[in-house]
Trainee: 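Before I ask anything, let me first share the structure, which is written out below as structure tokens.
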There are 2 protein chains.
Amino acid sequence: MRKKEKISEKTITRFPLYLQILKDLQQKGTQTISSQLIAHQALVKASQFRKDLSYFGEFGKPGSGYSVEHLIERIVNILSLSCRHQAVLVGAGNLGMALYNFPGFKEWNFEITRIFDNAPAKIGKKTGKITIENIDKLPLDLKIPLGIIAVPALAAQTIADLLVQSKIKGILNFSGVKLSTPPAIMVRNVDLTYELAILNYYCCID
Amino acid sequence: MRKKEKISEKTITRFPLYLQILKDLQQKGTQTISSQLIAHQALVKASQFRKDLSYFGEFGKPGSGYSVEHLIERIVNILSLSCRHQAVLVGAGNLGMALYNFPGFKEWNFEITRIFDNAPAKIGKKTGKITIENIDKLPLDLKIPLGIIAVPALAAQTIADLLVQSKIKGILNFSGVKLSTPPAIMVRNVDLTYELAILNYYCCID
DNA sequence: TAGATTGTTAATCGATTAACAATC
DNA sequence: TAGATTGTTAATCGATTAACAATC
């Protein structure tokens, strides 16, 4: 599907936004859209939108623009969102439960199918359809590609090591700690404290 | 404190990470550090670290490097983290409570001092030291600079409008919706779904 | 002093954007 | 066809990095 040319992370990062905008347009009954209009909504230039798409092929009709339905289908495919993706959640605290119940995940075809924790008080408890399991029993043949770490900073590296052992492919890390993992493992850090600090910086200057 | 030259957001975004690394070094008793070593930990080039600092003045001693203590102090000042910053939280669901209890905020001198929600079942409930208040009673003279939106997508824009009326300066937005706000208001979006989708992309290619 | 490391300049790299031929 | 809009190239812009004089 993809061309050989290297696709920057910045480009990839914009696709979920494009997809969201297109879904909203579809909701409103829009059938066709120009790069001009969608880029305006995404706060990027039209040429950037077209360039981003161009890494993955041709999507539109000169003169008329893009079919919303068709473009959604293509972007869903690029992001591999057409089939359901399972994720394992480690950490059943406030943050973990918030993520488990986060409606956006379901809408995008992600599902947290197993939850692990180390607190005896939590292990065995049912939440929604699934039961919180003992982290010590994390199986080696987990067969789930995505891991979400929502444990305190101190435990994060240990959990990451366990997930790597369980042959996870990617980790979404909320612990606020830089994880050390093999290069094949993709890690994305969401650092809530940093986000607030950056916001604060821009609020304090001026 | 700052020079006239425009400082890119990418530069600012790296400072919290530098600060965290320095704090960890201080914990371990390190007194002096070279750009070489700190950059290595931050996964950037030494020259990038030095350039980032250079926007804010001179911090080190040629030949010996940087005083960890002194550099922490300077970065804390750059990020305006020396005094306590209050934040108002809107949304007392799982995510809101997770943020309220997030230990990182306190460590960095942020404190959520008021929580608002619209659910009668939640209003009036005590959590920690504070009581969840009715969002309809959000005062116009709130006098809190930072707002955190942790409400469902549908409610987000309404809440943003209310916060703007209450003279908030910046918003950390977890709703997954692009907010429309006056240009003077700084908004940072943390979109959990996008993060998972981007992670998934990199897990699925290869 | 000699060695080390800074702060800053200039070169490089990569990402964004304008422009336009191709095409519906 | 004429008007509109694409996909892509080439120009521009901005961020990263290497290199080095200054300096501790």
Side-chain angles (χ1 to χ4, degrees), chain A residues 1-18 21-22 25 30-75 78 198 201, chain B residues 1-18 21-22 25 30-75 78 198 201:
Chain A
M1 181 199 295
R2 286 170 308 117
K3 292 185 190 173
K4 289 286 158 55
E5 197 180 343
K6 205 188 141 275
I7 302 165
S8 81
E9 191 173 326
K10 303 210 89 186
T11 289
I12 299 304
T13 301
R14 285 187 288 265
F15 273 84
L17 175 59
Y18 297 154
I21 291 168
L22 286 161
L25 286 166
T30 309
Q31 308 239 327
T32 296
I33 186 112
S34 66
S35 60
Q36 180 76 220
L37 284 174
I38 191 172
H40 181 258
Q41 287 199 53
L43 305 178
V44 301
K45 290 282 194 297
S47 52
Q48 174 150 89
F49 173 75
R50 296 200 301 274
K51 182 141 228 303
D52 284 343
L53 289 187
S54 75
Y55 293 108
F56 296 95
E58 308 196 351
F59 294 74
K61 268 210 191 75
S64 56
Y66 302 85
S67 149
V68 172
E69 187 186 348
H70 180 233
L71 191 50
I72 287 176
E73 197 182 304
R74 295 286 297 273
I75 295 181
I78 289 167
I198 296 161
Y201 170 84
Chain B
M1 181 199 296
R2 287 171 306 118
K3 292 185 189 172
K4 289 287 159 53
E5 198 181 343
K6 205 188 142 273
I7 302 164
S8 81
E9 191 174 326
K10 303 210 89 185
T11 290
I12 299 304
T13 301
R14 285 186 288 266
F15 274 83
L17 175 58
Y18 297 154
I21 292 167
L22 287 161
L25 286 167
T30 310
Q31 308 240 327
T32 295
I33 187 113
S34 66
S35 59
Q36 181 76 221
L37 284 174
I38 190 171
H40 181 258
Q41 286 199 52
L43 305 178
V44 301
K45 291 282 194 297
S47 51
Q48 174 151 90
F49 174 75
R50 295 200 302 273
K51 182 143 230 299
D52 285 342
L53 289 187
S54 75
Y55 293 108
F56 296 94
E58 308 197 351
F59 295 73
K61 268 210 192 75
S64 56
Y66 303 85
S67 149
V68 172
E69 188 186 348
H70 180 232
L71 191 49
I72 286 176
E73 197 182 304
R74 294 285 300 270
I75 295 182
I78 289 167
I198 295 161
Y201 170 84

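Chain A is the first sequence line, chain B the second, and so forth, proteins listed ahead of strands; every chain is numbered from 1. The structure presented is a predicted model; accordingly, all values stated were derived computationally and were not measured.
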Trainee: Within residues 59-69 of chain B, find the residues that approach DNA chain D with a heavy atom at under 4.0 Å, and present them sorted by residue number.
Mentor: B:Lys61, B:Pro62, B:Gly63
Trainee: Just how far is it from atom CZ of B:Arg50 to atom OG of B:Ser34, taken to the nearest 0.5 Å?
Mentor: 9.0 Å
Trainee: Could you grab the distance from atom CD of B:Gln41 to atom CD of B:Gln36, nearest 0.5 Å is fine?
Mentor: 12.0 Å
Trainee: Between B:Arg74 and B:Phe59, which heavy-atom pair has the shortest distance, and what is it?
Mentor: CB-CE2, 3.3 Å
Trainee: Quick one: what's the B/S/- string for nucleotides 9-21 of chain D, heavy-atom cutoff under 4.0 Å, read 5' to 3'?
Mentor: B-----SSBBB--
Trainee: Would you give the length of the straight line joining atom CG of B:Leu43 to atom CD of B:Gln48, rounded to the nearest 0.5 angstrom?
Mentor: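 With rounding to 0.5 Å, CG (B:Leu43) is 11.0 Å from CD (B:Gln48).
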Trainee: The criterion is ring-ring contact (aromatic ring centres under 6.0 Å, His included); which residues satisfy it with A:Phe49, sequence neighbours excluded?
Mentor: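 With neighbours one apart ignored, the set is A:Tyr18, A:Tyr66.
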Trainee: Check DNA chain C against residues 30-39 of chain B and give the residues with a non-hydrogen atom under 4.0 Å, in numerical order.
Mentor: B:Ser34, B:Ser35
Trainee: By side-chain contact (heavy atoms from CB on, under 4.5 Å), which residues pair with A:Glu58, not counting sequence neighbours?
Mentor: none
Trainee: For B:Thr13, what residues pass the side-chain contact (heavy atoms from CB on, under 4.5 Å) criterion, not counting sequence neighbours?
Mentor: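 Applying side-chain contact (heavy atoms from CB on, under 4.5 Å) to B:Thr13 gives A:Ile198, B:Glu9.
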Trainee: For DNA chain C, write out the stems as range with range, using runs of 3 or more consecutive Watson-Crick or G-U pairs with both distances under 3.5 Å.
Mentor: C:3-24 with D:3-24
Trainee: With A:Thr11, which residues qualify under side-chain contact (heavy atoms from CB on, under 4.5 Å), at least two apart?
Mentor: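 Partners of A:Thr11 under the side-chain contact (heavy atoms from CB on, under 4.5 Å) test: A:Ile7, A:Ser8, A:Arg14, A:Phe15, A:Asp52, A:Tyr55.
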Trainee: With B:His40, which residues qualify under side-chain contact (heavy atoms from CB on, under 4.5 Å), at least two apart?
Mentor: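 B:His40: no side-chain contact (heavy atoms from CB on, under 4.5 Å) contacts found.
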Trainee: Supply the atom-to-atom distance B:Leu37 CG to B:Ile21 CD1, rounded to the nearest 0.5 angstrom.
Mentor: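 Nearest 0.5 Å value for the CG-CD1 distance: 11.0 Å.
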Trainee: Please round to the nearest 0.5 Å and tell me the distance separating atom CG of A:Leu25 and atom CD1 of A:Ile33.
Mentor: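 Taking CG in A:Leu25 and CD1 in A:Ile33, the distance rounds to 4.5 Å.
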Trainee: Rounded to the nearest Å, what distance is computed from the CD atom of residue A:Glu58 to the C1' atom of nucleotide C:dA22?
Mentor: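 Result: 10 Å.
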Trainee: Identify the two heavy atoms, one from B:Val68 and one from B:Thr32, that lie closest to each other, and give their separation to 0.1 Å.
Mentor: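 Looking at all heavy atoms of both residues, the shortest contact is CG2-N, 3.9 Å.
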